[in-house]
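Notes follow once the structure below has been shown.
Note that the structure is predicted; figures quoted are calculated from it, not measured.
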Amino acid sequence: MRRTWPVVVFVATAAVATLSVSQHGSAVLPPTGPYVVVTYNDLGMHCTQEDFSEMCILPPYNTFRAQVIRRAEEPVLLSSGVTVKYSVPNNTRSSDKTNFWKYAPQLFGVTLPPDVGLTGHALSGSMIADAAGLFTVTGVPVVPTDDAGRLDPYPVGLVTVTGPLGSTLT
């Protein structure tokens, strides 16, 4: 029997000030610093599967988006001068949790390195900004099983923003 899993990656808010975040992204303290980082997964819940040998409903493919906002009377969306990185802390590998990588050549005509998604992105890396200040990474191959082998249909993502002088805006 094949399982289809719902996956939601994250919705999180962070700021320069220390922000306590629960296991599933709920902020305990409101952001109070001069910057706010708002992150989200554009698709939210979607399906994936363990076995791709006969069909593909959807590949492991998530899109993360983030905005870095400098607080002011007129807030400013930053599109440069900061580095925005993403990771999925308890989900650092996927290729041993599904056979997607074995069947990707037949299904999509590409041979992928383990733990790299269809757009060439892994489970951690850097996000790229567009001119409007929206940082994005597509095709992140998150699966709903954590690194300890436990079912986690709502894995949490982490976005870290580094700004001028190397200060971290997590």
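A donor-acceptor pair under 3.5 Å is formed between the side chain of W101 and the backbone N or O of V116. The backbone N or O of P141 sits less than 3.5 Å from a side-chain atom of S94, completing a donor-acceptor pair. Checked by atom type and distance alone, the side chain of R93 pairs as donor or acceptor with a backbone atom of D147 at under 3.5 Å. A donor-acceptor pair under 3.5 Å is formed between the side chain of Q49 and the backbone N or O of M55. Judged purely by atom type and a 3.5 angstrom limit, K85 has no side-chain atom pairing as donor or acceptor with the backbone of S126. Although no hydrogens or angles enter the test, the distance criterion places a donor-acceptor pair under 3.5 Å between the side chain of D146 and the main chain of G149.
A66 approaches V159 most closely through the heavy-atom pair CB-CG1, 4.4 Å. Here the closest heavy-atom approach between residue S79 and residue A129 is recorded as O-CB, 3.5 Å. Closest non-hydrogen pair, Q106 versus K102, comes out as OE1-O, 4.5 Å. Listed here is the closest heavy atom pair of I69 and P75: CG2-CB, 3.8 Å. When every heavy atom of G117 is checked against every heavy atom of L112, the shortest pair comes out as O-CD2, 3.6 Å.
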For V161 and Y35: C-alpha separation, side-chain torsions, deciding distance, then whether side-chain contact (heavy atoms from CB on, under 4.5 Å) applies.
CA-CA 10 Å; V161 179; Y35 295 89; over 6 Å; no
After noting the C-alpha distance and the side-chain angles of L123 and V140, does the key distance pass the side-chain contact (heavy atoms from CB on, under 4.5 Å) rule?
CA-CA 6 Å; L123 290 156; V140 179; 4.0 Å; yes
Give the intermediate values and the outcome of side-chain contact (heavy atoms from CB on, under 4.5 Å) for residues Y61 and T119.
CA-CA 9 Å; Y61 192 105; T119 60; 3.4 Å; yes
Kindly determine whether R150 and T145 satisfy side-chain contact (heavy atoms from CB on, under 4.5 Å), including the steps that lead there.
CA-CA 5 Å; R150 298 177 300 241; T145 303; over 6 Å; no
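Between F108 and F100 the shortest side-chain heavy-atom distance falls below 4.5 Å. Contact check for V142 versus F64: side-chain heavy atoms found under the 4.5 Å cut-off. No side-chain heavy atom of V156 sits under 4.5 Å from any side-chain heavy atom of V88. Between L78 and R70, the closest side-chain pair of non-hydrogen atoms falls below 4.5 Å. In this structure, V137 and T63 have side chains that are not in contact, with every pair of non-hydrogen atoms separated by 4.5 Å or more. The shortest side-chain heavy-atom distance between T48 and P144 falls under the 4.5 Å cut-off. No side-chain heavy atom of D130 sits under 4.5 Å from any side-chain heavy atom of T136. Within the 4.5 Å cutoff, the side chain of R71 has no heavy atoms near those of the V76 side chain.
Taking OH from Y86 and NE2 from H121, the interatomic distance works out to 6.0 Å, rounded to the nearest 0.5 Å. Note: F135 CZ to Q67 CD = 9.5 Å, rounded to the nearest 0.5 Å.
Between the side chains of S95 and D115, a donor-acceptor pair is found at a separation under 3.5 Å. Using a 3.5 Å distance cut-off with no hydrogens or angles, the side chains of D152 and N90 do not pair a donor with an acceptor. N41 and N62 are linked by a side-chain donor-acceptor pair at a separation below 3.5 angstrom, with hydrogens and angles left out of the test.
Looking at residues two or more places apart in sequence or on another chain, you find a side-chain contact (heavy atoms from CB on, under 4.5 Å) between P89 and S87, L158.
Note: the hydrophobic cluster containing I128 does not contain V82 (ILVMFWY, side chain heavy atoms under 4.5 Å, direct or indirect links).
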